[in-house]
Amino acid sequence: MPDNARNPKVRSLTVIDVVDETPDAKSIVFGIPPAERDRFTYQPGQFLTLRIPSERTGSVARCYSLASSPATDDNLIVTVKRTADGYGSNWLCDNVAPGTVLDVLPPSGHFTPTSLDTDMLLFAGGSGITPIFSILRSALTNGRARITLLYANRDERSVIFAERLRELAEKYPDRLTVLHWLESLQGHPQPGVVRALAAQHQQRHAFICGPGPFMRAVSDTLAAAGMAHERIHMEIYSSLSGNPFDDEAAPVATAEADTPTVPATIELDGDVHQIDWPVTVPLVDALLARGIEAPYMCRDGECGACQATVTCGAVRMLRNDLLGEDDVADGYVLTCQAVPDGDSEIHIAY
């Protein structure tokens, strides 16, 4: 493995177990050293980024959602399903065993509920069950939410966590309803099923994860059925073009001495920072240059780890291939790509 010294965020974790979930999916269990517990605190629905060896490039970075729940699990668990042309998934399924050591970045991502007490509609397609499973178990254990899960798969052999979902539905009969949809028997999920769920549960928050066409179909159907945009949450996957494990090779952007600045208030991890933000410098770089540990991973606008909300003022993004128009309209911004737009004071909350 390459030297971790280039990126101080990188940690090496040891695999302590590998569980066969289905013929083409495995759960990889990482032990967490006691000294690193705080670094690996996470929210249900977040993901881990793994460094995977590659003969061609030395290594590649791949993001995998955490199936573990911070409410019930002492270890970190990612569940990986093979894809036909997926280098990372096939390498992990073929090579990882107890004792394997992999480099990882701390948990990240915004596909997380703000409250475990708010009732939810969960939609999962295939391996998209991974973050959904984390959210579901966390809410059942540490919250009061009532949950309906629609889980679509190719066939019965493809259902990840089938037995554990059955056990949870039996344990929480008044709070959890699990609806399985098998393409081999029922074809693709029909809009009428999603519309019916939306009609019954208009005030719930919906979380959707799975293949792109599945997520778009569910999201569009929920919106057409009248569910408010702010109640619909999708896990957006994006292939990383760069390697965040080599992040320190990319220097922090700085501004010329005479570059205009805009006053900005940044809320981060319970602290409030007042900065003069150079109009040519992305916010993540502006914060890092001041010694403020802003959340980020790729710094290319590809992963969403740096997402925040603009609550006052205006910014523009140098690049945005991740956030939809509705997200931008709601104030969401990728802070590794955000620069001031105008000279009015800006307020951003992480």
query: Between Arg39 and Glu36, is there a side-chain N and carboxylate O pair less than 4.0 Å apart?
result: yes

Result block: side-chain N/O donor-acceptor pairs under 3.5 angstrom for residues 339-350, not counting sequence neighbours:
{"unit_1": "His347", "atom_1": "NE2", "unit_2": "Glu267", "atom_2": "OE2", "d": "2.7"}
{"unit_1": "Tyr350", "atom_1": "OH", "unit_2": "Thr335", "atom_2": "OG1", "d": "2.9"}

message: With salt bridge (charged side-chain N to carboxylate O under 4.0 Å, His left out) as the criterion, how do Lys26 and Glu21 come out once you've worked through the C-alpha distance, each side chain's angles and the decisive distance to 0.1 Å?
response: CA-CA 5 Å; Lys26 297 185 178 185; Glu21 302 288 358; over 6 Å; no

message: With a 4.5 Å cut-off on side-chain heavy-atom distances among I, L, V, M, F, W and Y, is there a chain of contacts connecting Met227 to Leu179?
response: yes

message: How about CD on Gln186, more than 12 heavy atoms from neighbouring residues, nucleotides or ligands closer than 6.0 Å, or not?
response: yes

query: Rounded to the nearest 0.5 Å, how far does CD1 of Ile208 lie from CD of Glu235?
result: 11.5 Å

field: Cationic N near anionic O, under 4.0 Å, Glu302 to Arg319
entry: yes

query: Within a strict 4.5 Å, meaning less than it, do heavy atoms of the Val15 and Val29 side chains meet?
result: no

field: Pairs involving residues 169-184, ordered by first then second residue, that meet side chain to side chain donor-acceptor pair (under 3.5 Å) (sequence neighbours left out)
entry: Arg166-Glu170

Straight-line distance of Tyr42 OH to Ser138 OG, nearest 0.5 Å: 7.0 Å

field: Non-hydrogen side-chain atoms of Val78 and Thr130 separated by less than 4.5 Å
entry: no

task: Give, for atom CD1 of Ile132 and atom OH of Tyr151, the distance between the pair rounded to the nearest 0.5 Å.
output: 10.5 Å

message: Could you check whether atom CD of Glu230 has more than 12 heavy atoms from other residues, nucleotides or ligands sitting under 6.0 Å from it?
response: yes

message: Rounded at 0.5 Å granularity, tell me how far CD1 in Ile52 sits from OH in Tyr87.
response: 7.5 Å

message: Check this for me: does any side-chain nitrogen of one of Arg137 and Asp73 sit under 4.0 Å from a carboxylate oxygen of the other?
response: yes

Phe111 and Phe207: CA distance, side-chain angles, deciding distance, ring-ring contact (aromatic ring centres under 6.0 Å, His included) verdict: CA-CA 8 Å; Phe111 186 66; Phe207 290 82; 5.6 Å; yes

message: Listing request: all salt bridge (charged side-chain N to carboxylate O under 4.0 Å, His left out) pairs with a residue in residues 201-222, at least two apart in sequence or in separate chains.
response: none

- line: So CG of Leu121 and CG of Leu222: to nearest 0.5 Å the spacing works out to 7.0 Å

message: If we count only N and O atoms by modelled type, under 3.5 Å, do the side chains of Arg231 and Gln202 hold a donor and an acceptor together?
response: no

message: Is a donor from one side chain sitting under 3.5 angstrom from an acceptor on the other, for Asp119 and His201?
response: no

Flag for Asp38-Thr41: side-chain donor and acceptor within less than 3.5 Å: no

task: May I ask you to test the Phe40-Leu76 pair for a side-chain heavy-atom distance under 4.5 Å?
output: yes

field: Crowding at NE2, His273 (>12 non-hydrogen neighbours, <6.0 Å)
entry: yes

- prompt: Does atom CD of Glu163 have more than 12 heavy-atom neighbours, drawn from other residues, nucleotides or ligands, at distances under 6.0 Å?
  reply: yes

message: I need the Ser127 OG to Tyr64 OH distance, nearest 0.5 Å.
response: 9.5 Å

message: Does this structure show an ion pair linking Asp24 with Arg82, if we count only N-O contacts that are shorter than 4.0 Å?
response: no

Crowding at CZ, Arg144 (>12 non-hydrogen neighbours, <6.0 Å): no

field: Quiz item: cation-pi between Lys9 and Tyr296, 6.0 Å / 45°
entry: yes

